[in-house]
Amino acid sequence: MIHKRSRRDALPVNAEINLTNLIDVAFVLLIIFMITAPILQGGVDVDLPEADAVPMESSEATIVTVTRDGTIYIDKAAVPLSQFGEQIKRIAGDRGVTVRGDKSVQLGAFMPVLAELQKVGITKINFPLEPIDQ
């Protein structure tokens, strides 16, 4: 009796992984992360003052922003000055704080924010600047 092999038995096992699809997915994810990373870093949009300064290293600091009209933001949430001290102490903890101020902000609107930071004991403070175009 001749035993015929079924079609299923005749096919060899192919255990190779098609890398083309995996590479395509990896490149798409890389492009997405490259586009979204700068957007996620920001906080509130302000015009930073320009100066000839060394670029800061990226950090995990809490971002405090003082806008042109004097509004204070912690990350993206507006906070009144009366509640700023307790809010920033709770949010920032021992991490540093990056204070971003619009270049048109009066010094009088900026100093109460720094005074509150000093009161709650935050000593790691960064001030980002835009580099001067040469």
Side-chain angles (χ1 to χ4, degrees):
M1 181 186 260
I2 299 176
H3 185 280
K4 287 189 170 181
R5 298 181 97 186
S6 66
R7 276 190 107 209
R8 185 173 179 188
D9 291 339
L11 296 176
V13 176
N14 186 2
E16 295 178 13
I17 297 175
N18 186 356
L19 292 179
T20 306
N21 294 337
L22 294 175
I23 293 170
D24 288 345
V25 169
F27 279 131
V28 168
L29 290 174
L30 179 66
I31 291 169
I32 290 171
F33 288 130
M34 287 172 51
I35 292 171
T36 58
I39 296 169
L40 296 175
Q41 236 176 7
V44 179
D45 192 27
V46 292
D47 285 333
L48 295 174
E50 294 179 351
D52 188 18
V54 178
M56 291 184 344
E57 293 180 18
S58 179
S59 68
E60 296 295 321
T62 303
I63 298 174
V64 174
T65 306
V66 181
T67 60
R68 181 174 298 162
D69 61 358
T71 306
I72 302 166
Y73 290 88
I74 299 176
D75 290 326
K76 292 185 181 183
V79 177
L81 183 60
S82 60
Q83 297 175 5
F84 175 74
E86 68 182 47
Q87 294 276 345
I88 195 66
K89 182 64 177 171
R90 183 176 51 81
I91 294 171
D94 293 335
R95 295 183 305 166
V97 174
T98 298
V99 180
R100 302 171 68 233
D102 195 280
K103 63 183 173 184
S104 63
V105 171
Q106 298 283 331
L107 191 60
F110 202 70
M111 293 312 283
V113 172
L114 298 178
E116 287 295 320
L117 290 172
Q118 183 182 21
K119 281 183 193 176
V120 296
I122 295 176
T123 58
K124 298 177 188 173
I125 303 172
N126 297 318
F127 297 98
L129 302 167
E130 286 291 326
I132 296 175
D133 294 331
Q134 296 180 2

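These numbers come from a predicted model, not from an experiment. Only heavy atoms go into these numbers, but all of them, side chains included; no hydrogens, no water, no symmetry mates.
- Tracing side-chain contacts under 4.5 Å through hydrophobic residues (I, L, V, M, F, W, Y), one reaches M111 starting from V105; they form part of the same cluster.
- Across all their heavy atoms, P112 and L81 have their closest contact at CB-CD2, 3.6 Å.
- A salt bridge links K119 with E116: the distance from a Lys NZ or Arg NE/NH1/NH2 to an Asp or Glu carboxylate oxygen falls below 4.0 Å.
- Residues I88 and I74 come closest through the heavy atom pair N-CD1, 3.9 Å.
- Atom-to-atom distance recorded for L114:CG and I122:CD1 is 11.0 Å, nearest 0.5 angstrom.
- Residues A92 and T62 approach most closely at CA-OG1, 3.5 Å, considering heavy atoms.
- Counting heavy atoms from C-beta on, the side chains of L22 and L19 come closer than 4.5 Å.
- Nearest heavy atom pair, residue T67 against residue D102, reads C-CB, 4.1 Å.
- Here the straight-line distance linking atom CD1 of I31 with atom OG1 of T36 works out to 12.0 Å at 0.5 Å rounding.
- Within 6.0 Å of CD in Q118 there are 12 or fewer heavy atoms belonging to other residues, nucleotides or ligands.
- Note that the CG atom of L30 and the CD1 atom of I23 stand 13.0 Å from one another [nearest 0.5 Å].
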(request) Check the pair I63 / Y73 against side chain to side chain contact (heavy atoms under 4.5 Å, CB included), numbers first and verdict last. (result) CA-CA 8 Å; I63 298 174; Y73 290 88; over 6 Å; no
